[in-house]
Q: 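Dropping the structure in here first, questions after.
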2 protein chains.
Amino acid sequence: MPRKPIQRRSTRQREAIRQVFKDHSRPLLPTEVLKAARRRVPNLGLATVYRTLKRLTEEGWLVGFGLPGQSQTYYERAQGHHHHFYCRECEKLFKVNCVPAHLKDLTPAGFVHEGHELVLYGLCKPCSDGAGAGSTE
Amino acid sequence: MPRKPIQRRSTRQREAIRQVFKDHSRPLLPTEVLKAARRRVPNLGLATVYRTLKRLTEEGWLVGFGLPGQSQTYYERAQGHHHHFYCRECEKLFKVNCVPAHLKDLTPAGFVHEGHELVLYGLCKPCSDGAGAGSTE
DNA sequence: ATAGATGCAAAGGGTTTGCACTTGA
DNA sequence: TCAAGTGCAAACCCTTTGCATCTAT
């Protein structure tokens, strides 16, 4: 039986959430998305944010990822494969280029490599310079 | 003032938990540790497991890490730096060698690299061969 | 009209914490 | 002795889900 493709509607909430990601380049937490999206849809609910993030991720418009040791999931637009540098001082995330070849080489013989997740951590330039947190909003 | 170093006592619970990690080479979840340790200390509590895992990690005897997209934290003995390959089929974790130099090179200029976390994922050999899950207990 | 979407509150899963009791040194 | 450690239950945080209501199409 041909499964009927679920219809997707365009709602104020959904568009507001999409816009938030168009306005921010850095990875966002669900609560950050909620806060930002509420500027357009004041009574937006957190459940809707979660449902929408999940939906947009399934559609491939967003990608979610978690930091080691943190239970929360960050989301950002799915544009180009890259990784992250996490500053333990200001807790911001920075994009880092990927070197697929090297990483793939680590895959044990006979194993099928489908993807990878990498997080570097330490201090970002602003923090290592002794300055306070930078402003990479 | 010289801060008084907190005294560490040797208890049945703590030794039982340590023993669990000596008996298993693969990363374990807190509940798995609980289950295994209860064979020695029947009425061991989950809270004690969490407190002990935290303590042993602070002492450097264990290392904890999380898989992208999973909220749980795995623990294993801190012996030699390495990473993991996660099989999406049988959900087992395999050790993978590390290539520090390459990863460190990804660190943006001016940033201080203190560490990194890498997870490769795909199919392990047994699963890609069409066989059921292997037995890498 | 009607299936998809929303908001709220309740429920879930993992982890932490408060507190009285127990125990190792 | 007595502070460190433990067990239990309640509390927490993040996320999902049930359900009545709302709204694109």
Q: Walk me through whether B/H116 and B/H81 qualify under side chain to side chain donor-acceptor pair (under 3.5 Å).
A: CA-CA 10 Å; B/H116 54 260; B/H81 184 60; 3.0 Å; yes
Q: Give every donor-acceptor pair under 3.5 Å between a side-chain atom in residues 32-47 of chain A and any protein atom, sequence neighbours left out.
A:
{"from": "A/E32", "atom 1": "OE1", "to": "A/L29", "atom 2": "N", "distance (Å)": "2.7"}
{"from": "A/E32", "atom 1": "OE2", "to": "A/R26", "atom 2": "NH2", "distance (Å)": "3.4"}
{"from": "A/R38", "atom 1": "NE", "to": "A/P42", "atom 2": "O", "distance (Å)": "3.4"}
{"from": "A/R38", "atom 1": "NE", "to": "A/L44", "atom 2": "O", "distance (Å)": "2.9"}
{"from": "A/R38", "atom 1": "NH2", "to": "A/L44", "atom 2": "O", "distance (Å)": "2.8"}

Q: Under the rule for side chain to side chain contact (heavy atoms under 4.5 Å, CB included), what residues qualify as partners of A/R18, not counting sequence neighbours?
A: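 Only A/R14, A/E15, A/L56, A/E59, A/W61 meet the side chain to side chain contact (heavy atoms under 4.5 Å, CB included) criterion with A/R18.
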Q: Rounded to the nearest angstrom, tell me the gap between atom CD in A/Q72 and atom P in C/dT15.
A: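 After rounding, the gap between these two atoms is 14 Å.
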Q: What is the distance, to the nearest angstrom, from the CZ atom on A/R55 to the C1' atom on C/dA3?
A: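 Taking CZ of A/R55 and C1' of C/dA3, I get 12 Å after rounding.
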Q: Specify the separation, in whole Å, of atom CD of A/Q70 and atom P of D/dT15.
A: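 A/Q70 atom CD is separated from D/dT15 atom P by 11 Å.
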Q: So, do A/H113 and B/Y121 have ring centers that fall under 6.0 Å from each other?
A: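 So the answer is no for these two rings.
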Q: Holding to side chain to side chain contact (heavy atoms under 4.5 Å, CB included), I want the full list of residues that pass it with B/Q70, two or more places apart in sequence or in another chain.
A: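 So B/Q70 forms a side chain to side chain contact (heavy atoms under 4.5 Å, CB included) with B/L67, B/Q72, B/Y74, B/Y86.
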Q: Quick one: is A/Q13 getting a side-chain N or O under 4.0 Å of the C/dG7 phosphate, OP1 or OP2?
A: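 Answer yes for this pair, as a side-chain N or O of A/Q13 is under 4.0 Å from OP1 or OP2.
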Q: Does the side chain of B/T31 get closer than 4.0 angstrom to OP1 or OP2 of C/dG14 through an N or O atom?
A: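 No, because none of the side-chain N or O atoms of B/T31 sits under 4.0 Å from OP1 or OP2 of C/dG14.
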Q: Taking for each residue the nucleotide of DNA chain C with the nearest heavy atom, is it A/G45 or B/S71 whose nucleotide lies nearer the 5' end?
A: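 The residue whose closest nucleotide sits nearer the 5' end is A/G45.
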Q: Calculate the interatomic distance between B/L28 atom CG and C/dT15 atom C1'; express it in whole Å.
A: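 After rounding, the reported distance stands at 17 Å.
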Q: Taking salt bridge (Lys or Arg N to Asp or Glu O under 4.0 Å) as the cut-off, I'd like each qualifying pair that reaches into residues 42-54 of chain B, sequence neighbours left out, listed once.
A: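 Counting only pairs at least two positions apart or across chains, no salt bridge (Lys or Arg N to Asp or Glu O under 4.0 Å) contact touches residues 42-54 of chain B.
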Q: If a protein heavy atom is under 4.0 Å from the base, mark B; if only from the sugar-phosphate, S; if neither, -; do that for nucleotides 17-25 of chain D going 5' to 3'.
A: BB----BBS
Q: Under a 4.0 Å heavy-atom cut-off, which of residues 33-41 of chain A touch DNA chain D?
A: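 Correct list: empty, so none.
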Q: Round to a whole Å and report the spacing from CG of B/L29 to C1' of C/dG14.
A: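 After rounding, the reported distance stands at 10 Å.
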Q: Look at A/T73 and D/dT15 and indicate whether a side-chain polar atom (N or O) is within less than 4.0 Å of OP1 or OP2.
A: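 Yes, because at least one side-chain N or O of A/T73 sits under 4.0 Å from OP1 or OP2 of D/dT15.
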Q: B/E15 has an atom CD; how far is it from atom C1' of C/dA25, in whole Å?
A: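 After rounding, the reported distance stands at 15 Å.
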Q: Could you tell me the separation between the CG atom of B/L46 and the P atom of C/dT17, rounded to a whole number of Å?
A: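 The answer, rounded to whole Å, is 14 Å.
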Q: Of the nucleotides C/dT6, C/dG14, D/dT6, which has the atom closest to the B/R14 side chain?
A: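 So the nucleotide nearest the side chain must be D/dT6.
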Q: Would you list the pairs meeting salt bridge (Lys or Arg N to Asp or Glu O under 4.0 Å) in which at least one residue belongs to residues 72-84 of chain B, sequence neighbours left out?
A: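 Of all non-adjacent pairs touching residues 72-84 of chain B, none passes salt bridge (Lys or Arg N to Asp or Glu O under 4.0 Å).
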Q: Nearest to the side chain of B/T48, which nucleotide is it out of C/dG7, D/dT6, C/dT15?
A: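 Out of C/dG7, D/dT6, C/dT15, the nucleotide with an atom closest to B/T48's side chain is D/dT6.
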Q: Who passes side chain to side chain donor-acceptor pair (under 3.5 Å) against B/E114, sequence neighbours left out?
A: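 B/E114 satisfies side chain to side chain donor-acceptor pair (under 3.5 Å) with A/R88 once adjacent residues are dropped.
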Q: Run the ring pair (Phe, Tyr, Trp, His ring centres under 6.0 Å) test against B/Y75 and tell me which residues pass, sequence neighbours left out.
A: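 Partners of B/Y75 by the ring pair (Phe, Tyr, Trp, His ring centres under 6.0 Å) criterion come out as none, since no residue qualifies.
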Q: Between B/E58 (CD) and C/dT16 (P), how many Å, whole number?
A: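 Whole-Å distance recorded here is 11 Å.
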